[in-house]
Structures are given as structure tokens and as C-alpha cells.
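Here the structure is a predicted model, which means the values were calculated and not measured. The sequence lines fix the lettering, A, B, ..., with proteins before strands; numbering per chain opens at 1.
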Amino acid sequence: MGSTSDVSLLNLYYFNSAYGPREGEEEKKVLYYYPSQTDVETKIKNVGLTEAIIKFTDTFNPSKPCEALHTQKTRQIIHQAEPGFWAVMTLLVPTINKTKDGQDYTEYQNDDVNDSVYLAVLKQCHLMFQLFNGNLTCLADNPTQIKNMLDQFYSRFIPTLKLQHSDLLDIFAGMQFLPLDANTFLHVQCLVNKVEASFPTVHSSAILFNDQLVWSGIDPCDMQLIFHYLVTNLLPNFLETEIEPSRPRVVGRYVTGPATSAVKDELSCSSIPRLFLSSGQNVYLVVYKSMNATSCLLLDSYSTPTPEFFRRLDAFLGSRLAQISEELAASCSKSSIQSPGSSSLGSSLSPDSPKFIYYNTLNRATKSTIHLDGRKCGLVSVSQELIKLLGDVHSDKERLKACSEVILKTKNDSWVAGKFANLREFYVVLNTKNANLIEISDEVKRMCDLHLKSIFFTD
Amino acid sequence: MASDYYLELSNNPIKFEAVSQVTNVFFDESNKQVFAVRSGGVTGVVVKGPTEELSTSFRMEDKGPVISIKFSQDQRVLAIQRSKTSVEFLNFLNGIDCLEYSQSCKGKNNTIIGFIWTSPNEIVFVTDHGIELFQVIPERRSLKPLKNLTININWFVYCNNSKLLLLSSGAYGNSIQPLLFKKGGFLKLNKFEIELPAVPKTPPKLCLLERDVTLAMVYGQACVIVLRHIPPRVDRGPGAEVLIYTMEKMLTAKKSHLLALDKTGRFAVNVVDNLIIVHHQASKTSMIFDINLPGETDGYVTFHQPVTIPLPIKPFTLRVPSVQVSSDMAEVSCELYSPNWVVFQPDIVIDAKLGCLWRVELCLGNLATVLVDKCRLVDCLVQRVAGKLVLLNVLRHLLDPLIGTNLGVVAEVFDHLNEVYRTFLEIEMQSQMATPASTSPFSRPPSGPLTTSPRAAVVIDQSDMYTSVFVPIAEKAEGAAGKFVVAVLIEYVRSLGDNRIPVQHYLYELLINTMVHRKAFFQLHQLLQYHVVSDSKPLACLLLSLENIYPAAHQLALDMLKRLGTANEEIVEVLLSKKQILDALR
């Protein structure tokens, strides 16, 4: 077996045809281009090609614009981010170098690139951009500012894209909820209420424990984005700074906002990220962490938070959040001892035990025993091949009815099952050798009973 | 201002003939009767009690000045003390029997300090050298000695509710011998000493006086309430204080509470509805103390501050016949805290010059406005007999969304309320298991002499909260206030949960409706997801009806029906209505 290459990003660009309608003005259409060192000629040519493809395909199906362009070596994903504004991402298809008859040649693994996964990634990119910068449409008459903003955002965002680890979960872009007993949940809820009542500028807030969501009062569309920003970006980075031994141990600290709670200068307060919510509101994002619990507060932006505010908030939240964190930790360890599902969850680390991914369309809750954490680090417990297969099962779902079931067997004797009912999706990966369809079907049923016993899931 | 008092005198005082040169007035604490004796009884004895049956008038021969006069508890025998060595008796079997019979004390040189009817036909003489218990046999007009005890006695205090007699002995008067009276005898309880603020070196003299010691039932326990005046030479001290010894298990007295008065001068003590009320004459104010409220403690003694600021009793006006026009009634305002006041237990104030007997009463509504600390207020109201309505008012005010009370306070208040609620439920459950159904827990007196922790007088349960507090505030809530109402409801559900009290479905319904009203669907979804709201068919139906405004409610409703396990028919019906025939068939 020769060397292999993973899927990787060739380029990513934004254009709007309206900015350069005349010949010779083509350069003006390009709003952003990665990699930036690309020469103008290539930029114009690629944008032109995409424009042409969009135009051409439009004649066949005007209701749904072209989404992907397949070539032998590349895959282009096209997404109309906002009316007139197009975002395009071109990926290099993964390859395997093989030798046949003493001759080296490269085999392109076109089937390994799932359009819906990467379309979801591209959409997510733009939503994230919107979260921090607002709609492009609002700035339509100021292309220079658009260029600056896109440049600023993507220069930081592209390095965090983990395209090789993108999979089914990117399509869902769901949130992991922490399983919790009602009373502990109520304690969290009461803390949130107290914070919001004591600090009226807090527009809404959410509480996370480790990488899992405990409570959110934020609109689910925005929460989904904020959740991913926190879990894949902000918190892991913060964790690294926290590990530094030179830092003094304090009860709680601001993840965004002033570096220490004893802030004096106004400057550190002005560096808080501002978010543009889907409702059109503009808010400050303040994230505060105490032990393993994270409080994510959205502040109304009509007044800049003062150092005084941060001091008060720190005094209020520090110990309370730490207490909740302890309570959550206790509750988690308790439930993992008690619940019968835990035994299978614990053993799920071994590669042969059954794994599942669960997604609920309505509250965007996901749960996966395939992914070992929510940070997209590629820590998965089944083979890449199977994960890609899951993406394909999902793509096939479109053609099925609302309530259905799919069972597949792979070449190396693994089984993949997908069940869809009541707006929920449940995927199971089984590594049972020499099993027949009936056994697999029974096993899937058993897992449903085990993990989804409290919900309505037709079987 | 209407709220500058929290104590008042009863509306209809018992009027009696005022003390004068010819009239002597006596008061019997046990029967709450006032005796106005005119000219030694020749021109009449008028007895006024709290009821008609306990009021009477009669004449008797004048055989010298009366020292003390008391009816037996069944009103059949009247005991009159006219000398230091004997007590005379008069039968009241069918009207007055003019034949007096007499009983003198046993010891030759003993002086009778006083006498007490301890049961309908038993009387005890307290002399300076001991006590003598007699049985009175009115039919034979004689007394039969039952039991006696020799002890040097300075003075005594008796409480008819607890049948407890305290005898002061010793040179300083602070050595106390408690006796517990039972039919036909008495029990000697453990002797104890009351701490004195300063003991004079020579010569020993009586330091603890009768007027400074009060015996009363507080929260079902007999308490010795001692006023402690700080002597002048240690002035700049904290002022006078009140020491309380509780009779534990009716056996041993233990120093348990210390009330800081922060004032000096003349004080008087009443006990009203288990609150200890200390009247201060110089400032013409009264303080109230609740020994059940938490206070600083050193492990043995709990230190208490007044429940709230000292305030005067509500001014009282007496309607008296006008001097000028006889048909008119003039209003005369009475002097409060007058030097003529005499205070009796538990709640009686007598103005002997005015000829009035009042009961001291609490105005809880005003107390609620005066007391700023809402948690203390709730703790205090929970123990008051008439506290429920006031408490509900307080809660309604506290949770008014327009006032926006701090949620931390709300949480604490709920926790306090529900702790009481839980205790109540536990007691109820125990009594249901322990005793047959015929004896309900309510037939028992609310606090027997042996209960250690006082049982709350007021229990605010979920239905009270729902109908009297939550529904009114939810109706008022609009816009941003809805958020507060949701927070309050969640806080209440949490508090119930923490106290392991199952939550009634109507609270959930209100919570869900309020959230729906606010369009806080995602939050509602999370509540259901974490099973904060318990499943039920009505709730599932409520969710189904919300489907049009929040599509996910459909899924939640189906989940809930599934969990109930008994609702397969409903599930099929729902699916059919959605034209999901295949699903329904499965």
C-alpha cells in the first residue's frame, strides 16, 4: 500500500456578481479568496467558472441552485450564502498511491467525499461568520468592508476547520445535552434565573458542563452556533491557558471578557466579542467558567459592560457556579452508576461493541458513542469507512419516508443500521461477525429499548 | 401611619370597679377572674370573668381585709385568705352557702404566702416554710391533708396550663424548686439555680424577685422567663436582658435563650401566640421575641434580638358615659404603659385605677409591613395561629412581578415554607400509620408537652400557593414580568423537589401555560426533556394542543404518552390524525 492523502481544502472564496457586471471589472466580484497569495488571474478564472456553472445548471432546475461539482481530483461545494453572495469551497479528493505492474499511479477516492457533509460545513462557516459579523446584505453597498470582514474572519477560522474529520455530526450540527436528574436540573435553572434577575442586562444565557449543554435560554438556532464555537474553539483554547501553572488558582474566570476579575481599565472590557443573533439583535458574549461548569451570557449591547459589572458578576457567579459544577459532577457520577445503559456505554470503548448516533431534529440534541468527544479531534471508535457510510445513509434518508429503517452490511462484516421516526434519527454500528439480518434487527431493537426507552420511537 | 404598631389591646375590655378606698381588686390568673371586693364583701363582691358563666356577684360577711380570693376551677368553692395562717372556704353549690369553713396551715409558725387551686377540689397552701396540699370536700365542709413538703420559700410562681409551681428559696432567692402537680399529689422536679447578674457580698439579700420571673407555655414547653436587670454599677452594659429556662421533658430546667432588651428600667412580660412580648415602661414601647427564630448560639444558649423594632401598643380609646349629657358616650383615650398597669400571664393587662382588663393581641398584618427581612417574617408568621391569611398576603406581595423581589430571597422563603410543609406531611403520614384512622392528627393538641420542636401553626401547601398566590400573580404578569413568574414557579418546584414533596399537576400546568404565553418554547422543551414535569395524560393532551404554535410539542406529547405505557389508543389516534397510517398500524 502506498502513501495516502486525506481530504483537504484547495480554496474557499466568496463572490457577488453584482459588484463587477462589466467586462474588465471581474476582480471586483471577488470578495474573499483563500489562499490569499493566489494570483488575480486564477481567482477570476475560478470565480468565472463557478458563475458559469451556476448559470448553466439554473436552466435545468431554477428552484434549486447547483450545490456540488464533481471532478476526478476535486470536489467543489457551492452555497448561496445570502441573495447574490456565493460561498464556494473546493476540496482535494483523498488519494491512495498504488503500484500496479511496477507502475505508480494515484487512485482518487471520490466516493469518500460526501456532498451533504461538506455542504453542511460550508453553511456552518457562513452562519458562524454571520454570528460574529451580521448579514452581508446589510453591508451590500460597502464591498471594502465586506472584504475586510471576510478576510478577518476566515483568516482565523480556516485553520480551525477540520475537514478530514467532518462527518455526519456536521450535518446535524446538534448539541449534546447532559443527562441529568430533574432536581439538579432545577438547581441549574434556578441559578440561571437568579443571574438573569440580578443582572438585567443579561439578555439570555446558557450553562454548559464540560462539553455538554445543561440549559439554554438562547434561541436554538443561535445556541447551536454558540455551542459549537464554545466547544470546538473557545473552551479548548481556554483550557490550554488554564493549565499554565503560573496562573493563580481562583474560583471562576472569564473566558471572554477581562482576563482577571480585578479589572481596572475599560480597555479589557471593550474586547468582548459581539454577536449578531438570528433575531437581528446585537449582543455581547461573556463566558465565565468555574471548575467544569461554564456560564455563557448574552448581554444587551445598548450599553458596554463596565468593569464594575464584571466585578459584580464575578462575585455573584464564582462560588455559585462552582457549587453547581460539583453538584453536576456528583449527579453525573451517580447516574452513570445507576443507569443500566452505562455498562454498555463504558464497554463501548472496545471496538466491537455496538455504537450509536442519535439526533433529534426538534431540539437539535445529539448523542454519539462513536465520537469520544465533541471537539472534532478525530477521536472516533469505529473506522473512518463506517463513519463515511453513516453519512451516506443519512443522504439516502431523503428518498425514504418519515418513518423508516435501513440496514447495510459492509465488506468486512460490519453492520450499519439507520432508523428514522418521529423526526428523530438513530444510527447503529455493529461489529458482529457472521450475523444474519434478523439478529441485527433484534440487536438494533434492543439498543433502541436501552437508550431510547423514554421516547416514542416507532418500531 | 397605620402600621406604627403591631400590638393592640382587645376591643372589649372587661370593665370592673376601679380600686378605691372601699374597693379592693383581686385577679386570679388561673380562672382569669377579676374580683372587686367592696367593703370586705359586705356591700358586694363582683366577679368578672372572660365568659358569662365565670362572672357572678354575691355578698359575704366582712371578717377583716381580704388578702387573696379565688374560686376553684369548677366555680363550686370560693377560697378567701384573710389572715397569715388560715384560708376560709365558702361553698357555691346552689347559690351561696353562708357557712364558712376554715383551714389553717400545719406548721405553727408558718405564714401563708398564698394558695393555689391545682385541680377542681385540690388546693395548695404555699407558706414560708413549705407547701401543704389539701383535698377540699365541700359536702362535709372540711379539708383533708394530702401531702406536704418542707422547704424555705421566698415567693412562688404558678402556671395553671402546665400545672407547674416554682418555689424560690435560698438567701438570694435564685434557687428554684419546680413542682409538677398531678391529681392527688405533686412531683418534685430537679432543682436549679437562676443565674444572677451580680451577687452582693454581704449581707445576703433577696436578689431575684417574684416580679421578674414569669412562667408560661411557649411552643408547648414550659418556660421560666427571667428579667435580668444589670445593676447600675455595671452600666454602659448592654442593658437589661431576659433569660429563658425551658423545662425539658418537664423534668429539668435548662438555660436555653437570651433575649437582648438593650434598655433599662421597668419591664413586664406577656406571652401572646408563643411570642414573648416585653413591655418597657420608660419608652412606652413593646418588643416581641420569637424564640423559634434562628439566632446566634454558643451551643447551649441562643441569643435573640427582637423580631423587629420596638413599637408602642395601638392607642386605645374607651367609650365612657359623658359627664355633661348622660346619653352621649365620650371617647377617652387610655394611658398606655401607665404605672397602674399590672401584667398577668399569659396575655393580660389590667389597669386597676381605670377598672379595665385587656388581652394583648397581635396585629400580624402590621407586623408584616414593619418586618423587613422577609425570611424572618415568613418564619415568624408560620408559627402564628392567625398567620395564614397574612402570610398569603405577604407572599402575594413578595412575588408581585412589579416589585421584583430578589430571587435569592424568594428561594429562601420557599425553602422555609416547604420545610414546614414537609414536616407537616411527615407527621401526618406517621400518625396515619401509627394510629387507627379514627384519631385524626388534628384531634390532638397541636403541641403536646413532650414535643421538642414546635409544630408550625400554619402550613401553606401547594393548593394554597396555587390559588392564593401563583394564579393572581400569573394573571398580573405581562411582558417581561412573565419571566419573573416563570422563575418563581420554577423556584417553587425546585424547593418542593428538594424537600421531596411530589408536585401537583396544576402547578405544572400553570408553569407550562405561562411559558407558552411567553413563547419560551425551547426552555419548555428542556424542562420536559429533563422530566422536570411529571408525565400525565392531561399534560400530553395540553402539549398536543400546542402543536400549532410549537411543532415539537407533538413529539414531546407522543413521548409522554409512550412513557405512560397505558396510552396506546391515544397514540394511534394521534398518528391517524396525522395520516401516518403505517405508523399507527405498527
[atom1] of [X]: more than 12 outside heavy atoms within 6.0 angstrom?
X	atom1	answer
B/H397	NE2	no
A/Q323	CD	no
B/I549	CD1	yes

TODO: Please name all residues satisfying side chain to side chain donor-acceptor pair (under 3.5 Å) with B/D464, sequence neighbours left out, ordered by chain then number.
DONE: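 Expected list: B/K388.
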Task: B/T308: side chain to side chain donor-acceptor pair (under 3.5 Å) partners, not counting sequence neighbours - done: none
- [ ] Could you check B/H531 against A/L180 for side chain to side chain contact (heavy atoms under 4.5 Å, CB included), going step by step and ending with a plain yes or no?
- [x] CA-CA 9 Å; B/H531 308 310; A/L180 210 57; over 6 Å; no
Open item on the list: Looking only at heavy atoms and a cut-off of under 4.5 Å, which of A/A365, A/G217, A/A197 has the most pairs with chain B?
Closed with: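 Most heavy-atom pairs within the cutoff with chain B belong to A/G217.
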Open item on the list: Report which part of B/V493 has an atom under 4.5 Å of a heavy atom belonging to chain A: side chain, backbone, both, or neither.
Closed with: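 For B/V493, the contact with chain A is made by backbone and side chain together.
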Task: Polar side-chain atom of B/Q523 near backbone of A/S216 as donor-acceptor pair, under 3.5 Å - done: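 No, because the side chain of B/Q523 does not come within donor-acceptor range (under 3.5 Å) of the backbone of A/S216.
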Open item on the list: Could you tell me if B/D498 and A/H187 have a donor-acceptor pair between their side chains, going purely by distance under 3.5 Å?
Closed with: yes
Nearest-0.5 Å distance that lies between atom [atom1] in [X] and atom [atom2] in [Y]:
X	Y	atom1	atom2	answer
A/L191	B/R494	CG	CZ	11.0 Å
A/N183	B/R500	CG	CZ	8.0 Å
A/Q189	B/L527	CD	CG	5.5 Å

Task: CA sep, side-chain torsions, deciding dist, call: A/C190, B/I490, side chain to side chain contact (heavy atoms under 4.5 Å, CB included) - done: CA-CA 7 Å; A/C190 287; B/I490 287 179; 4.0 Å; yes
Open item on the list: Please verify the inter-ring angle class for B/Y530 with A/F177; under 30° counts as parallel, over 60° as perpendicular, anything in between as tilted.
Closed with: perpendicular
TODO: Locate the shortest heavy-atom distance separating B/Q526 from A/V214; write the atom from each residue and the value.
DONE: OE1-O, 3.9 Å
